[in-house]
Structure formats: C-alpha cells, structure tokens
There are 2 protein chains.
Amino acid sequence: MRHFRTTKTDRKRKTRTMNLYIKRIKDLHSKLDPAILTELEEAFVDKKFAKGSYLLRPEQICTAHLLIKEGIARKFYIHQDREITIEIYFPDDVAISLDSYIMQNPGDVFIEALTELEVTVIDYSRFYKMKNKYPEVMMLDKMFIEYYAVWFEQRLRAFQTLDASQRYLKLLEKEPQIVQFLPVTIVASYLNISLETLSRIRSKVS
Amino acid sequence: MRHFRTTKTDRKRKTRTMNLYIKRIKDLHSKLDPAILTELEEAFVDKKFAKGSYLLRPEQICTAHLLIKEGIARKFYIHQDREITIEIYFPDDVAISLDSYIMQNPGDVFIEALTELEVTVIDYSRFYKMKNKYPEVMMLDKMFIEYYAVWFEQRLRAFQTLDASQRYLKLLEKEPQIVQFLPVTIVASYLNISLETLSRIRSKVS
DNA sequence: GCAGAAATTTGACACAAGTCAAAAAAATAC
DNA sequence: GTATTTTTTTGACTTGTGTCAAATTTCTGC
C-alpha cells in the first residue's frame with residue numbers, strides 16, 4: 001500500500017462553509033463549567049488504529065463519537081462493488097455513523113483509518129448520561145447534529161447543481177487537503193465520479 | 001393554475017424509511033409533562049396561507065418551525081433559473097430552512113404553499129426559551145434534527161447510487177403521495193431530472 | 001361544449017460521463 | 001539500480017439524460 005503524503009505539521013482545519021458555526025460550538029465547549037469539562041474529558045478514552053484498519057464495519061452498531069486526534073480517516077459504503085466515500089476526517093473532526101448511532105441499529109458503513117490513527121472515544125451510554133445530567137452537554141451535542149445536518153444538505157446540493165469538474169473545483173477550493181493528501185481513488189469516490197473522469201478533469205485544469 | 005388532486009380525506013403520512021424514529025418522537029412528545037405540553041401548545045400560533053403564496057423567501061431569516069396542519073407545501077431553491085425542490089411537506093410534517101434557522105442568517109430557499117394551507121407556527125425565541133427551560137423539549141428538538149440529518153444523508157445516497165428511473169421508482173414506493181398529488185413539474189424538480197425525462201420514464205413504467 | 005391556456009408527451013440531436021482496455025508513470029521491494 | 005506492482009493517464013466507444021422544438025393531451029373559464 002502506498003503512503004499518503006501527510007505529516008504532523010500539515011494539518012490545517014477543513015475550510016467548510018460552516019466554520020463560524022464550528023467556532024461557536026468550540027466557544028461554548030470551552031466555556032463549559034470546569035467541573036463538567038473535567039468529567040467530559042475523563043469520559044474520553046484514547047485509542048490507536050493501524051493504517052488500513054476499520055474503526056467501524058457494516059452490521060456493527062455505532063456506539064461512539066470518534067474524535068480524530070492524529071491522522072486521516074474516511075467513512076464509506078459499498079454500492080454494487082463500488083466504494084462511495086461519504087466523509088473524510090482530519091484532526092478535530094468527529095467520525096460517526098449517525099443513523100446507526102441515534103437508532104442504535106446495525107449500520108452499513110465502514111470507517112477506515114487511512115493513516116496511522118489516534119482517536120479519542122466517548123462511549124454512547126456514558127455520553128447519554130452526561131447529556132441528561134448537564135443541559136449544556138445536550139446543547140453541544142445538538143449543535144453538532146445541526147452542523148451535521150446542514151453539511152449534508154449542502155453536500156446534496158453540490159450533487160444536484162454541479163457537474164463532475166465543478167464538484168472537483170469546489171473541492172479544491174473548500175477542502176484542498178483532501179485533494180492534496182489522498183490518492184485519486186478516494187478523491188474520485190468522494191466526488192462520486194470514475195477514476196478516469198477525475199484524471200481527465202485534472203489534466204484539463206492544471 | 002391547475003388544481004392538484006387532493007382532498008381532506010386523502011392524507012396518509014409520508015412513509016419514509018424512518019417512520020419508527022418519527023414514532024419515537026411522537027411517543028416522547030405525548031409523554032411530556034401535561035404542564036409543559038400545555039405551555040408548548042399555547043406557544044403555537046395558527047396561520048393560513050393562500051395557494052401559491054410563500055411562507056418563506058430568500059434573504060429572509062427563518063424564524064419558525066412551520067408544522068403543516070392541512071394542505072401541501074414545498075421547499076425549493078433556484079439554480080440557474082431552474083427550481084430544485086428540496087422537500088415536500090404533507091400534514092404533520094415540519095417545514096423549516098434549517099441553516100437559516102440555526103444560524104439566524106438570511107437563507108436562499110422558498111417555502112411555497114402548493115394548496116390552501118393551514119400551519120401552526122412556533123416562534124424561534126419562544127421555542128428557544130422553552131428548550132432552555134425544559135430539557136425534555138430540548139431533547140425533542142434534538143431528535144427532530146437527528147431525523148432531519150439522517151433523512152438528508154439518505155437522500156444524498158439516492159442521488160449517488162440511483163439513476164433517474166430508479167429514483168422515480170423509489171419515490172413511487174416510498175412517497176407515493178408525491179407522485180399522486182403533485183404536477184410532474186414539481187415531481188421532476190424533486191427528483192432533479194428534466195420534465196421530458198420523467199415523462200419518458202413514466203411511459204415506460206406503466 | 002368550445003376556445004384558449006397549460007401541462008405533458010414525443011422526436012431529433014448533443015454531450016457529459018461511464019466502461020473496458022491498454023499504455024505510461026510512479027512507488028515499492030529486493 | 002532494476003524489477004515488479006500499483007497508480008494514473010489516454011483512447012475508443014456506449015449510454016443516460018439534457019435541450020430545443022413541435023405535437024398532443026388535459027385543464028379551465030366562459
């Protein structure tokens with residue numbers, strides 16, 4: 001397997017359209033009562049995953065928020081023997097299979113470590129208890145889901161309104177690290193276009 | 001303007017894949033403390049809209065959840081002089097421009113009454129206060145957003161994996177009322193295909 | 001019921017993007 | 001450094017879906 005071009009110094013945050021909202025979440029997070037913050041941090045458990053391993057597989061129930069500390073991961077599903085990448089995670093992003101998590105039903109996605117990966121994990125039931133104990137925590141979780149919903153609505157819109165090369169150019173503008181650090185296979189599956197089409201687009205653009 | 005084929009007796013709920021989750025929300029809703037329930041109901045204000053009028057327009061800030069009591073509405077945006085329908089609402093559905101609502105920023109969508117419409121509206125700030133006062137209400141709102149997020153993720157997947165006729169057949173199976181009651185123009189813009197393509201698909205299917 | 005308007009269907013054609021296959025380039029192992 | 005494997009590019013061809021235009025059907029108002 002080839003090594004991706006990525007280093008520790010190289011991790012700018014994803015520049016999504018909703019950075020402001022992310023900022024608001026972080027602000028609220030940092031303004032939590034110190035006691036709650038401590039309790040929250042104690043609830044998190046660090047884990048490491050080898051490159052190529054899976055943090056979640058189909059048929060499993062997603063029981064955790066996975067906060068990426070170091071490395072790159074992605075979530076994908078398989079449709080007709082073809083992988084389609086839903087999300088790509090960099091440090092500070094949260095990986096989750098939302099439908100499996102909220103309904104505690106078996107999901108159908110893979111979450112894969114694309115590099116050596118360090119994550120910090122908060123377990124479903126422990127987080128659930130904290131949410132019920134502290135409305136502020138519930139509020140933060142709600143904001144996370146709101147962000148998630150709006151992000152998906154925007155991504156849907158990209159598929160409805162942009163053709164392959166427009167989607168590529170937008171990706172290059174909004175999430176350049178994805179194009180920069182990941183093999184074309186994965187970029188293509190994230191844009192939902194074929195390898196060959198992506199290759200042709202690239203040769204025209206540059 | 002033509003009248004849609006719809007009557008008062010004709011309103012089965014949308015059969016989305018997440019009916020179970022909807023049921024859970026309703027269960028929780030009905031199990032709310034009676035005092036809270038009353039306060040919640042008092043916060044709702046009924047409104048009527050004429051067919052063809054807009055409940056929300058671009059540049060406006062979405063300040064309310066709009067619960068449909070009677071009639072049909074839709075949310076759409078305009079891309080290159082072309083309307084793209086995001087969601088279609090039947091009685092019991094909640095119409096909202098989520099990104100505008102959560103960030104209290106001007107949005108870019110229309111919410112349009114497709115028939116004479118009766119809605120019940122809860123204002124942003126009043127709902128906000130109630131959410132902070134009662135964790136149960138916050139929880140319900142959070143579940144609503146979760147439902148919303150998962151629904152959008154599923155809709156995105158339909159666009160990634162299904163071609164035009166497969167999307168049509170899926171719509172026919174999952175949300176037959178949309179095909180049944182709405183003009184082809186709107187069905188096509190909901191499937192994000194051209195009128196002509198939809199027409200050809202229909203002639204092959206039936 | 002008839003005339004005009006609106007919605008829907010049908011036809012001809014264009015083009016974006018997929019597929020399959022093969023060549024070229026780049027990365028990895030020895 | 002060379003050989004092997006993997007990734008990326010290029011070419012030829014096919015197909016789904018859009019566009020424009022015209023014909024047809026269906027509504028609506030009188």
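Here is how names work: the chains are called A, B, and so on, in the same order as the sequence lines, proteins then strands, and each is numbered from 1. Remember, predicted model here, so these are calculated numbers, not experimental data. Only this structure's heavy atoms are used, side chains among them; waters, hydrogens and symmetry mates stay out.
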Return the value, rounded to whole Å, for the distance between atom [atom1] of [X] and atom [atom2] of [N].
X	N	atom1	atom2	value
B:R202	D:dT26	CZ	P	13 Å
B:I84	D:dG18	CD1	P	11 Å
B:D81	D:dG18	CG	P	17 Å
B:Q166	D:dT17	CD	C1'	14 Å

Item to complete: Starting at the 5' end of nucleotides 15-25 of chain C, put B wherever the base has a protein heavy atom under 4.0 Å, S where only the sugar-phosphate does, and a dash everywhere else.
Response: --SSBBB----
Between [X] (side chain) and [Y] (backbone), is there a donor-acceptor pair under 3.5 Å?
X	Y	result
B:S100	B:P106	no
B:R155	B:E87	no
A:Q104	A:C62	yes

Worksheet item: Taking the inter-plane angle between the rings of B:Y148 and B:F144 on a 0 to 90° scale, is it parallel (under 30°), tilted (30 to 60°) or perpendicular (over 60°)?
Response: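 Plane angle between 30° and 60°, so tilted.
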Worksheet item: What class does the angle between the rings of A:Y54 and A:F76 fall in, given that below 30° is parallel, 30 to 60° is tilted and above 60° is perpendicular?
Response: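 Ring orientation, 0 to 90° scale: tilted.
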Worksheet item: Quick one: is C:dT8 close enough that its OP1 or OP2 comes under 4.0 Å of any side-chain N or O from B:T185?
Response: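 Yes, B:T185 has a side-chain N/O under 4.0 Å of OP1/OP2 on C:dT8.
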Worksheet item: Do B:R74's NZ or CZ and the ring of B:Y190 fall within the cation-pi criteria of under 6.0 Å and 45°?
Response: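 No.
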